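Inspection log for the structure reproduced underneath, given as structure tokens.
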Amino acid sequence: MATVLFFIFSLIWYLPLYFRQGKTDKLPFKYCLLAIFLGMVPVFIVSVAVQVLWGLLCSRLGLAGWAKYVFDAFLTAALTEELFKYAAALFVIKKAKPKRMIDYALLFGGVGLGFGLTESAIGVINVANAIFSSIMAFHLFWQYFMGLEYYEYKKRAPGGKIHLVLALLVPFLMHGMNDFFAFSLTDIMKLKQLDDLSAITILGALVWIVVFLVFIIYILIRLNKAVKESREKP
């Protein structure tokens with residue numbers, strides 16, 4: 001039940017965008033399905049395989065505590081997953097040859113949606129967890145941002161390289177921060193008594209949630225602008 005609920009809520013962030021877009025140069029839905037599939041299966045599987053290798057390196061280095069949290073969050077998780085999701089989106093873009101901003105957002109977002117569906121479906125344990133995971137939809141919104149910025153980069157080519165940097169750097173940093181808090185809080189919750197550093201980490205995690213909610217609003221504003229532009233074309 002929780003997994004089904006997660007799927008339904010997650011699609012609410014994606015499907016309305018596709019159906020609200022304009023009909024001129026409309027992106028065939030088959031490419032959206034391809035993007036979602038790539039995120040769900042090959043990208044997820046390859047990412048897990050590479051993460052196992054990162055885990056072995058981490059063990060060899062003997063990292064523990066905060067050093068391990070940073071290594072796991074920014075290298076094992078963020079760097080690996082964001083690069084493979086980016087590569088998958090570029091593959092679909094080469095096939096689909098999109099023209100509009102909303103197309104890039106849907107294709108990149110599709111990869112993020114697919115990855116998030118597989119990752120979260122495995123971890124969803126109850127209804128509350130399903131609702132929270134689907135509302136936040138981390139991977140989907142990181143890839144929406146990546147797609148919007150990549151479109152800006154392509155539109156300004158050969159200039160506009162700052163948008164390519166933003167497309168890769170912002171999701172990487174946000175992903176790393178998110179997983180850093182997730183990994184560290186998992187261990188903090190096992191403590192019988194909190195120290196000052198643990199309390200600061202919990203406060204930081206609460207601030208991070210607020211920041212990400214603001215990020216969601218920012219992305220939704222940009223997506224609505226992209227939809228509006230697609231509908232204004234003759």
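Treat the numbers as computed from the prediction; the structure is a model and nothing was measured.
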**OP:** Can you sort out the partners of Phe29 under ring-ring contact (aromatic ring centres under 6.0 Å, His included), two or more places apart, ordered by chain and number?
**Re:** Tyr18
Subject >> Validation row: Ile219, Trp13 side chains within 4.5 angstrom (heavy atoms) >> reply: no
**OP:** Taking side-chain contact (heavy atoms from CB on, under 4.5 Å) as the test, write out the residues that go with Pro28, two or more places apart.
**Re:** Lys30, Tyr31
**OP:** Would you please name every residue forming a side-chain contact (heavy atoms from CB on, under 4.5 Å) with Ile12, sequence neighbours left out?
**Re:** none
Subject >> All pairs passing salt bridge (Lys or Arg N to Asp or Glu O under 4.0 Å) where residues 102-114 contributes a residue, at least two apart >> reply: Arg100-Asp103
**OP:** Would you mind listing every salt bridge (Lys or Arg N to Asp or Glu O under 4.0 Å) that reaches into residues 5-20, with sequence neighbours excluded?
**Re:** none
Original post:
With Tyr86, which residues qualify under side-chain hydrogen bond (donor to acceptor under 3.5 Å, both in side chains), at least two apart?
Top reply: none
Subject >> Qualifying residues under side-chain hydrogen bond (donor to acceptor under 3.5 Å, both in side chains), relative to His175, sequence neighbours excluded >> reply: Glu81, Glu82, Asp179
All N/O donor-acceptor pairs, side-chain side in residues 200-218, below 3.5 Å, sequence neighbours left out:
residue	atom	partner	partner atom	Å
Thr201	OG1	Leu197	O	2.8
Trp208	NE1	Asn178	OD1	3.0
Tyr218	OH	Arg222	NH1	2.9

Original post:
Who pairs with Lys155 by salt bridge (Lys or Arg N to Asp or Glu O under 4.0 Å), at least two apart in sequence or on another chain?
Top reply: Glu152
**OP:** Write out all pairs satisfying side chain to side chain donor-acceptor pair (under 3.5 Å) with one or both partners inside residues 52-67, taking only residues at least two apart or from two chains.
**Re:** Trp54-Thr80
**OP:** Hey, could you give me each pair passing side chain to side chain donor-acceptor pair (under 3.5 Å) that has a residue in residues 104-115? Not counting sequence neighbours.
**Re:** none
**OP:** For Leu166 and Phe145, work out which heavy atoms get closest and say how close.
**Re:** O-CE2, 3.2 Å
Original post:
Taking the hydrophobic residues Ile, Leu, Val, Met, Phe, Trp and Tyr, and joining any pair whose side-chain heavy atoms are under 4.5 Å apart, which ones share a cluster with Leu53?
Top reply: Leu56
Original post:
Where does the angle between the aromatic ring planes of Phe108 and Tyr150 fall among parallel (under 30°), tilted (30 to 60°) and perpendicular (over 60°)?
Top reply: tilted
